[in-house]
Amino acid sequence: MSDIGDGIRSGNRRAIGKAITLIESSRSDHQQDAQDLLSELLPYTGNTIRIGMTGIPGVGKSTFIESFGKMLTGMSVKVAVLAVDPSSKISGGSILGDKTRMEELARDRMAFIRPTPSKGTLGGIARYTREAIMVLEAAGYDVIIVETVGVGQSEVAVADMVDMFLLLHSPGGGDELQGIKRGIMELADLIIVNKADGDFENAAKSAALDLKNALHFMKPKNPNWTVEVLEASALKNIGLEAVWENIQSFKTIMKDDKEFDRRRINQNVSAIWSELSELVSDQIKDHNPANIAALERAVKNKEITPHNAAKDLLHDLLREK
C-alpha cells in the first residue's frame with residue numbers, strides 16, 4: 001500500500017479518493033488493506049482542526065461551508081469537507097450529492113469534498129468518517145469540516161470525532177428555537193445565525209439574542225471557553241472572518257489548557273469500543289445466518305426477548321471461537 005500512501009502524503013487527489021473508497025468497502029480483503037494503509041499513515045495524522053457542523057434542513061449548511069471554505073482557500077488554508085450521507089435502509093443507497101451542492105468549492109484545488117455514507121447506523125458514521133479524516137490529515141489538509149444532514153442522533157457521533165462543534169441556526173426564534181433539542185445546543189462550541197442579511201437582518205439579531213439567553217441556562221462544556229453566538233450571511237460573505245477568528249481562538253485556548261489533546265486522546269480510546277461493537281456485529285452476521293434467521297422469527301413470534309436473542313447470538317459466536 002506504500003504507493004497509495006505516498007500519493008496521499010503528496011496530496012494526490014486520486015490516491016485520496018482511492019483510499020476512502022477502500023475504507024468504505026464491505027469486502028474483507030479491502031478492509032484489511034484499508035487498515036494496513038491507515039497504520040502506515042498514522043504518524044502523519046493529527047495536525048488539523050476538525051470541525052463538526054450541523055443545523056436543521058434549509059438553514060444553509062452547504063452554502064455556508066462553500067463560502068467559508070472559499071474564504072479559507074483564498075488564505076492558502078487547505079480545506080476538506082466530509083458530508084455524512086444518510087444511507088437508505090431500504091436500498092442501501094445514499095444521496096451523495098455534495099459536490100453538486102458546492103460546485104465552486106469542489107473545483108478549488110485547495111479543497112476536497114467527499115460524502116461519507118452512514119450505511120444506516122451511527123457506527124457506520126463513526127467508522128467511515130473517522131478513518132476518512134485520518135486520510136485527509138495525512139494528505140495535509142489544514143481544516144476538515146464534517147457536515148451532518150440535520151439535527152438528530154448522528155450529531156452525537158460526529159461531535160465525538162471533531163475538535164469543535166458548530167451549530168448553524170436560521171434567522172428565526174420562538175418556535176424554531178424550541179425545535180432544536182437541548183442536547184444539540186449543549187454540544188455546540190459556537191452558534192452561528194446564518195442568512196443575517198437583507199429582510200432577515202432584524203430577525204437574525206432577534207434569534208441571536210434568544211440563543212444567547214438560552215445559553216445562560218446551560219452548563220458550559222469547558223470552563224475556559226464561552227460559547228458565542230455570531231451572525232453571518234454565507235450568501236453575502238458577511239461575518240465569515242469572525243467565525244474563523246472564533247475557531248482559531250478556540251484552538252489556541254484549548255491547546256493552552258491541554259484540553260485539545262485530551263479530547264483527541266479520549267476520542268481515540270472511545271473509538272476502540274465503537275469499533276469493537278461494529279466488529280462483533282459483523283462477525284455474528286457472517287457466522288451463522290441460519291441461527292440469526294431462527295432467532296429473528298422467534299422474536300417476531302414473541303417466543304424470546306430481543307435481549308435474550310442477542311445473548312444467544314453472542315454465545316454462539318464465542319462457543320465457536
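Just so you know, residue 1 is the first one in the sequence shown, and it goes up from there.
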- Would a 4.5 Å heavy-atom cut-off, applied to side chains only, mark L190 and V243 as touching? yes
- Message: Under 4.5 Å between side-chain heavy atoms, counting indirect links through other Ile/Leu/Val/Met/Phe/Trp/Tyr residues: same cluster for I49 and I65 or not?
- Response: yes
- Report the C-alpha separation of L136 and L82 in whole Å, then their side-chain angles, then the decisive distance to 0.1 Å, and conclude whether the side chain to side chain contact (heavy atoms under 4.5 Å, CB included) test is met. CA-CA 10 Å; L136 293 166; L82 293 172; 3.8 Å; yes
- Is the closest basic N to carboxylate O distance between E275 and R130 below 4.0 Å? yes
- Expected output: side-chain N301 to main-chain R297 donor-acceptor under 3.5 Å: yes
- Query: Counting distance only, does the side-chain N/O of N12 pair as donor-acceptor with the main-chain N or O of I8 below 3.5 Å?
  - Reply: no
- Item | Which atom of S67 lies closest to which atom of A234, heavy atoms considered | OG-O, 2.8 Å
- Message: Under 4.0 Å between a side-chain nitrogen and a carboxylate oxygen: does that hold for D163 and R264?
- Response: yes
- Are side-chain heavy atoms of I144 and I51 found at a separation under 4.5 Å? no
- Any sub-3.5 Å donor-acceptor pair from S277's side-chain atoms to W273's backbone N or O? no
- Task: Step by step, work out the side chain to side chain contact (heavy atoms under 4.5 Å, CB included) result for E137 and R50.
- Result: CA-CA 10 Å; E137 288 185 333; R50 305 171 185 173; 2.8 Å; yes
- Item | Heavy-atom pair with the smallest gap, counting every atom of A242 and L230 | O-CD1, 3.8 Å
- Separation of L317 CG from D286 CG (nearest 0.5 Å): 10.0 Å
- Query: Nearest heavy-atom pair of F68 and I145: which atoms, and what distance?
  - Reply: CD2-CD1, 4.2 Å
- Query: With hydrophobic residues grouped by side-chain heavy-atom distances under 4.5 Å, do V143 and I133 end up in a single group?
  - Reply: yes
- Under 4.5 Å between side-chain heavy atoms, hopping through other hydrophobics if needed: is there a path connecting L314 to L279? no
- Task: Would you please say whether a donor-acceptor pair under 3.5 Å links the side chains of T129 and R114?
- Result: no
- Item | Spacing of R263 atom CZ and D160 atom CG [to the nearest 0.5 Å] | 9.5 Å
- Query: Between F200 and S170, is any pair of side-chain heavy atoms under 4.5 Å apart?
  - Reply: no
- Query: What are the two closest non-hydrogen atoms of M134 and T45, and how far apart are they?
  - Reply: O-CG2, 3.4 Å
- State whether the number of non-hydrogen atoms from other residues, nucleotides or ligands found under 6.0 Å of F260 atom CZ is greater than 12. yes
- Classify the side-chain pair N308/T305 by whether it contains a donor and acceptor separated by less than 3.5 Å. yes
- Geometric class of the Y141/F112 ring pair [parallel <30°, tilted 30-60°, perpendicular >60°]: tilted
- Within the side chain of Q267, is there an N or O that forms a donor-acceptor pair under 3.5 Å with the backbone of V162? yes
- Check ion pair R319-D316 (N to O, under 4.0 angstrom): yes
- Task: Take N213 and L209 through the test side chain to side chain contact (heavy atoms under 4.5 Å, CB included) and record every step on the way to the result.
- Result: CA-CA 6 Å; N213 290 335; L209 182 60; 4.0 Å; yes
- List the atom of A214, the atom of M185, and the distance in Å for their closest heavy-atom pair. CB-CE, 4.0 Å
- Message: Under a 3.5 Å distance rule, please check whether N266 uses its side chain to pair with a backbone N or O of R262 as donor and acceptor.
- Response: yes
- Message: Keeping S25 on the side-chain end and L22 on the backbone end, is there a donor-acceptor pair under 3.5 Å?
- Response: no
- Does E147 reach the main-chain N or O of G52 with its side chain, forming a donor-acceptor pair under 3.5 Å? no
- Message: Between S233 and N194, is there a side-chain donor-acceptor contact under 3.5 Å, judged purely by atom types and distance?
- Response: no
- Taking atom CG of L168 and atom CD1 of I191, what is their separation to the nearest 0.5 Å? 10.5 Å
- Query: Which value, rounded to the nearest 0.5 Å, describes the distance between M161 atom CE and N268 atom CG?
  - Reply: 11.5 Å
- How many angstroms lie between CD1 in I192 and NZ in K61, if you round to the nearest 0.5 Å? 12.5 Å
- Dump the intermediate steps for side chain to side chain contact (heavy atoms under 4.5 Å, CB included) on R109 and T73, then the final yes or no. CA-CA 9 Å; R109 299 302 299 176; T73 59; over 6 Å; no
- Message: How about CG on D256, more than 12 heavy atoms from neighbouring residues, nucleotides or ligands closer than 6.0 Å, or not?
- Response: yes
- Tell me, yes or no, whether the heavy-atom count around K251 atom NZ, taken from other residues, nucleotides or ligands under 6.0 Å, exceeds 12. yes
- Side-chain donor or acceptor of D142 paired with backbone N/O of K78 under 3.5 Å: yes
- Message: Counting C-beta onward and ignoring hydrogens, is there a side-chain heavy-atom pair between E231 and E201 closer than 4.5 Å?
- Response: no
- Within one Ile-Leu-Val-Met-Phe-Trp-Tyr cluster: M75 and I238, side-chain cutoff 4.5 Å: no
- Tell me whether W244 is reachable from F165 by hopping between hydrophobic residues (I, L, V, M, F, W, Y) whose side-chain heavy atoms are closer than 4.5 Å. yes
- Sub-3.5 Å donor-acceptor pair from the side chain of E228 to the main-chain atoms of N246, do we have one? no
- Nearest atoms (heavy-atom pairs only) where T148 meets V158: CG2-CG2, 3.5 Å
- Message: Does this structure show an ion pair linking K221 with D189, if we count only N-O contacts that are shorter than 4.0 Å?
- Response: yes
- Item | Side chain E104, main chain K70, donor-acceptor under 3.5 Å | no
- Item | From K18 atom NZ to D3 atom CG, the distance as rounded to the nearest 0.5 Å | 8.5 Å
- Any side-chain heavy-atom pair of I23 and V135 under 4.5 Å: yes
- Query: Mind checking whether M71 and N237 have side chains closer than 4.5 Å, heavy atoms only?
  - Reply: no
